[in-house]
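Taking it in order: structure first as structure tokens, then the write-up.
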Amino acid sequence: MSDSAPLLQMQDVVAGYSDSDLVLNHVTLEAAPGKVTAVLGPNGSGKSTSLRVLYGFLSPREGRILLDGSDITETSPQERLELGISLLPQGRSTFPEMTVEENLELGGWLWRHDRARLRRAVEDTFERYPKLADLRKRHAGSLSGGQQRILEIARTLILDPSVLLIDEPSVGLAPVLVNEVYQDLEALKDDGRTILLVDQNVQAAAHLADYIYTLAYGKNDVHGDTEAFEGQLGDVIRSWLRI
Ligand SMILES: Nc1ncnc2c1ncn2[C@@H]1O[C@H](COP(=O)(O)OP(=O)(O)OP(=O)(O)O)[C@@H](O)[C@H]1O
């Protein structure tokens with residue numbers, strides 16, 4: 001872990017989708033403030049499940065989740081959202097029949113009773129993403145895959161979260177759009193947001209990340225500063241082929 005105290009921590013978590021099922025077997029992850037922490041690993045190693053536990057969609061059977069040192073293990077996803085944690089889930093999550101603007105407003109649902117604040121947040125987002133502003137009245141379902149992904153990222157920012165949990169940001173996108181998405185994530189890093197990134201795109205994630213964890217079979221494998229992985233990522237990936 002880097003020098004600063006971690007902002008978000010998953011400590012020694014055991015979790016599964018049923019009583020008999022063990023998906024995370026004593027997994028520990030820590031995200032330092034203002035840094036990008038990547039969680040890499042082969043299919044089925046428990047990366048997305050870790051994000052679900054961190055966001056509160058799945059309760060751990062053992063272990064704790066800490067935000068800035070406070071135990072949030074028992075808090076709901078809505079409370080975590082209020083505390084400044086946002087999740088960008090894997091796969092399509094826009095509402096296709098609703099406009100770009102309505103999709104953004106839904107991202108700010110917590111502020112629905114404060115219309116002025118919500119409107120301001122939507123307009124701030126359009127300022128940050130001028131291309132989305134041009135599309136504001138279009139149905140999300142009519143946007144290209146890349147535009148929809150940018151809309152999804154923009155929607156996770158509406159509440160101005162300090163921690164972003166990002167699951168497979170570039171999956172299913174054409175290579176030219178993949179670059180656009182990672183440039184956007186780079187800008188979020190420059191904002192000083194804390195990012196925990198789960199990714200199959202190992203090279204792009206490593207390029208962005210300050211710190212890397214790898215998981216295998218639902219357990220921690222190796223972890224360290226990204227520089228420590230320099231020249232070794234190929235070996236790490238090859239080791240997954242033997243799993
Ligand atoms: N909703 C679910 N119900 C039951 N089992 C699940 C569910 N989601 C995932 N699993 C199982 O949990 C294990 C870990 O899955 P998870 O999606 O966390 O892995 P992953 O590392 O993110 O994989 P990928 O890179 O393929 O997305 C897998 O065996 C998977 O089949």
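Counting from 1, the numbers follow the sequence of the chain as shown. Read the numbers this way: they start at 1 and go in the same order the structure lists the ligands and their atoms.
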Query raised in the report: Closest heavy-atom contact between D12 and T28?
Result: N-OG1, 2.9 Å
Nearest to [atom], what protein heavy atom do you find, and at what distance?
{"atom": "atom 16 (P) of ligand 1", "answer": "T49 OG1, 3.6 Å"}
{"atom": "atom 25 (O) of ligand 1", "answer": "Q200 NE2, 2.5 Å"}
{"atom": "atom 29 (O) of ligand 1", "answer": "G44 O, 4.4 Å"}
{"atom": "atom 26 (O) of ligand 1", "answer": "N43 ND2, 2.8 Å"}

Query raised in the report: Is there a protein heavy atom at a distance of less than 4.0 Å from atom 4 (C) of ligand 1?
Result: yes
Report task. Look up atom 31 (O) of ligand 1 and tell me if a protein heavy atom lies less than 4.0 Å from it? Result -> no
Requested in this report: Give yes if a backbone or side-chain nitrogen or oxygen of G41 is under 3.5 Å from a nitrogen or oxygen of ligand 1, and no if not.
Outcome: no
Query raised in the report: Purely on distance, is any nitrogen or oxygen of S48 under 3.5 Å from one on ligand 1?
Result: yes
Query raised in the report: Of all the heavy atoms in G218, does at least one lie under 4.0 Å from an atom in ligand 1?
Result: no
**Report entry** P42, portion touching ligand 1 at heavy-atom distance under 4.0 Å
**Finding:** backbone
Report summary line: Counting heavy atoms under 4.0 Å, the part of V23 that contacts ligand 1 is side chain
Query raised in the report: Should one rank G91, S50, G46 by closest heavy-atom distance to atom 19 (O) of ligand 1, which comes out on top?
Result: G46
Query - F57, Y17, Y217: member with heavy atom nearest to atom 8 (N) of ligand 1 - result: Y17
Report summary line: Which of H139, Q148, R149, E102 passes side-chain hydrogen bond (donor to acceptor under 3.5 Å, both in side chains) with T94? Answer is Q148
Requested in this report: Would you mind running through ligand 1 and noting each atom that sits below 4.0 Å from a heavy atom of Q90?
Outcome: 27 (O)
Report task. May I ask you to decide whether E101 forms a salt bridge with R119, counting only side-chain N to carboxylate O separations under 4.0 Å? Result -> yes
Query raised in the report: Any ion pair linking E30 and K35 (charged N to carboxylate O, less than 4.0 Å)?
Result: no
Query raised in the report: Hey, any chance W109 and Y55 share a hydrophobic cluster, counting ILVMFWY side chains that come within less than 4.5 Å of each other, even indirectly?
Result: yes
Query - Side-chain H-bond candidate by donor/acceptor type, T75 with R80, under 3.5 Å - result: yes
Query raised in the report: Is the NE2 atom of H26 crowded by more than 12 outside heavy atoms at less than 6.0 Å?
Result: yes
Requested in this report: Go through D235 and R238 one step at a time and tell me if the salt bridge (Lys or Arg N to Asp or Glu O under 4.0 Å) criterion holds.
Outcome: CA-CA 5 Å; D235 289 341; R238 272 190 290 279; 2.8 Å; yes
Query raised in the report: Once the angle between the rings of Y213 and H223 is folded into 0 to 90°, is it parallel (under 30°), tilted (30 to 60°) or perpendicular (over 60°)?
Result: parallel
